[in-house]
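All ligand and atom numbering here is 1-based and tracks the order in the structure. Since the structure is predicted, the reported quantities are computational estimates derived from the model, not experimental observations.
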Amino acid sequence: MTADDRTTMALLLDLEPVVETNLNRHLELAKEWFPHEYIPWTQGTDFDGILNGEAWAPEQSKLSEVARTSLIVNLLTEDNLPSYHHEIATMFGRDGAWGHWVHRWTAEEGRHGIAIRDYLLTTRAVDPIALERARMTHMSTGFENDHDASILHSIAYVAFQELATRVSHRNTGKISEDPICEQMLTLIALDQNLHMVFYRNLLHAAFELSPDLTTRAVTDVVRTFQMPGHGIENFSRKSVQIAMAGVYDLRIHHDEVLMPVLRKLGVLDRTGLSGDGEKARQELADHLAELDRQATRFSERREAIRARAAKHQA
Ligand SMILES: [Fe+2]
């Protein structure tokens, strides 16, 4: 067993009571909900193929192109659940409170993909063949935790990632202009929020146990953060489209994802850090300042592009 393995084992054991408390808290707060209630089944019709129904055509969709892109990205992200399960089950284990959480979390994430896919197919909002091919490609690539050697990095990543997906689902609902779709995505966003709180509370406990190492982990994760769906084909092009629509952009990432978690944990104001912990805290502050500048530049560029487009249309 290496020193790193021993550190991981010790952390898992030290954090287990915190996992148990927060798992119980989660089970009390989580409200049961049913994906099938949010699907307008009467809008559904047979597709071509063995049922000889109607083939999909773009004009059948009532959603805007960007709402479709955003829903597809969110769905493909959820589709990679087997890989996420593998990553956290390998890291956290399948025993005791950790295992109970891993399985419960997986079951809750599972309903997100079920709900979104049923909605998209029933309302004919997406090309079902393109969607299936994209799912095959995406899942064949799988997902790998960027920080699979460190439990602290892994906890920090999921705390930010759950909030990022919460915001992404909620804002996708807003631009869908379909009240049913918006209600469904609001419930998914609520699940993601509870997941974020669970991991954020764990991160809080990690700061108490090991402030310097946890500050380093948070800094590394913030500096290298990628959305969980970054492996989706043409992700860059899709994420620009999503950012241009204001569903998820740098300003949102900085103000509504990174800062709320960091503020709640008091990471930037932390005193008493030593050595690399203090160095990491300063690196984090510098990185956030730069991200803030980039976010402003992006928003200004977007405004200019929108103004030009509006002028062109007039
Ligand atoms: Fe989640």
May I ask you to check whether [Y] and [X] place their ring centres under 6.0 Å from each other?
X	Y	answer
H26	W101	yes
Y119	W41	no
H253	F225	yes

The Fe ion (ligand 1) - closest N/O/S atom in [X]:
X	value
E162	OE1
E109	OE2
H195	ND1

Under 3.5 Å donor-acceptor, D127 side chain and A130 backbone: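 Looks like yes, one N/O pair under 3.5 Å.
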
Whether Q192 has an N, O or S atom under 2.8 Å from the Fe ion (ligand 1):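 A backbone or side-chain N, O or S atom of Q192 is under 2.8 Å from the Fe ion (ligand 1).
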
